[in-house]
Amino acid sequence: MKTLKILAAATALTAVSLSSAVAEKWDMPMAYSATNFHSEKGVEFADKVRKYTNGKIDITVHPGGSLFKGGEIKRAVQTGQAPIGERFMSAHANEAPILGWDNLPFIATTYEDNNKLWAAAKPKVNEALSKLNLVALYTCPWPGQGFYFKKPVGSSADTKGVKFRSYNTATATFAEELGMIPVQVEAAELSQALATGVAEAFISSGSTGYDRKVWEHLSHYYKVNAWLPRNYVMVNKGVWDGLDAETKAGVQKAADETGAACSAKSAELAGWYFEQLEKNGMKVEDAGPDFLKELQAIGGKMTADWLKTAGADGQAILDAYKAN
Ligand code: PCA
């Protein structure tokens, strides 16, 4: 009996060491604050992946650009320095214009419409990502984008010469159209940029304003709701293709569940973020009619510019979206 027990214990030990021997350890750099819902969902994703792959894939999340800075994450995953990572999709539109599908002003301004637009864009986006040696596992929208300023703004007459933090090429163009001076700054470095005067305005969701406590430097938020851009969790294509079918299915199940939960969380928090900005002394209001009219005109131009770079594929996405 004793021998049997020892044998059983030894077998159990071997099983444990075997399973840990085959566990693949994946570091997952993420670009935004550890306490942001995108990062919290990333941690839940890692838990689900461990569960659905029976411990075969063990992901460690590194939020806030701590392992690779936001601007370096895509390259790290493309080249296999990190097998998986998360980043803002339209930040990559300079390399593959189609990835700017979610940065088109006033085209899809609700979560529902953003989902419809994503459904139309997804096949083309996946094609483009594949060429970059990437596979998207899930995407998750930020709440709607509006403008932060340190003074009341009623029209572009008030924005001339303002130093504007942009997060991609499209937002830099937006700023220039308003007579502002764009400077690209990572969300992780935004507080510092505002504190040092490198930037004095930006476009983003209530979420990033809250994360970065921007009420310490700025006073006004205009709820333009111009677009709901997405983050995506991407995996290196070679790493993905190397997984067996069962493991892939486990990771994909975790991704599908997390994508849905993350999107729901974003919608749930959108209004709450505005309350927090107000509680901390900011004026949160709709953009006035003159400003809005200007923004809409610029938006139309930005969409036209995007269509020039995204070509027939871009037009096909917009047509499919409008047909639904
Ligand atoms: N926050 C991110 C991207 C969009 C958003 O709402 C940022 O400002 O960098």
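Atoms within each ligand, like the ligands themselves, are counted from 1 in listed order. This is a predicted model, so every value here is computed, not measured. Every heavy atom of this structure was used, including side-chain atoms; hydrogens, water molecules and symmetry mates were not.
- With a 4.0 Å cut-off on non-hydrogen atoms, F88 touches ligand 1 through its side chain and not its backbone.
- Numbered from 1 in the order shown, with element, the atoms of ligand 1 that lie under 4.0 Å from a heavy atom of Q145 read 4 (C), 5 (C), 6 (O).
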Does the side-chain contact (heavy atoms from CB on, under 4.5 Å) test come out yes or no for V214 and M282, once each step is laid out? CA-CA 9 Å; V214 301; M282 291 193 77; 4.2 Å; yes
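- M89 and L104 fall within the same hydrophobic cluster, where Ile, Leu, Val, Met, Phe, Trp and Tyr residues are linked whenever their side-chain heavy atoms come under 4.5 Å apart, directly or through other members.
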Step by step, work out the side-chain contact (heavy atoms from CB on, under 4.5 Å) result for D256 and K253. CA-CA 5 Å; D256 292 347; K253 176 171 152 72; 5.8 Å; no
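- Distances shorter than 4.0 angstrom occur between a heavy atom of R165 and an atom of ligand 1.
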Given the rule in the ring-ring contact (aromatic ring centres under 6.0 Å, His included) test, do W101 and W306 qualify, once you have shown the distances and angles that lead to the verdict? CA-CA 8 Å; W101 68 275; W306 179 73; 9.0 Å; no
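- Contact annotation for R87 and ligand 1: no heavy atom of the residue comes within less than 4.0 Å of the ligand.
- The shortest separation from a heavy atom of Y32 to ligand 1 is under 4.0 Å, placing the residue in contact.
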Pair K283, S219 - check side-chain contact (heavy atoms from CB on, under 4.5 Å), show working. CA-CA 6 Å; K283 224 175 161 52; S219 52; over 6 Å; no
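- Protein heavy atom closest to atom 2 (C) of ligand 1, with residue, atom name and distance, is T208 OG1, 3.5 Å.
- No single ILVMFWY cluster, assembled from side-chain heavy atoms under 4.5 Å apart, contains both V235 and Y52.
- Under 4.0 Å from ligand 1, not a single heavy atom of E186 appears.
- In the vicinity of W142, heavy-atom distances shorter than 4.0 Å reach the ligand 1 atoms 1 (N), 2 (C), 3 (C), 4 (C), 5 (C), 6 (O).
- Nearest protein heavy-atom contact of atom 8 (O) of ligand 1 is S204 OG, 2.7 Å.
- Within the listing of ligand 1, atoms 9 (O) sit less than 4.0 angstrom from a heavy atom of A187.
- Test F202, F147, Y148 against Y221 for ring pair (Phe, Tyr, Trp, His ring centres under 6.0 Å) and you get one pass: Y148.
- Nearest to atom 6 (O) of ligand 1 among the protein's heavy atoms is S205 OG, 2.6 Å.
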Evaluation steps, salt bridge (charged side-chain N to carboxylate O under 4.0 Å, His left out), between D241 and K237: CA-CA 6 Å; D241 291 344; K237 191 169 184 300; 3.1 Å; yes
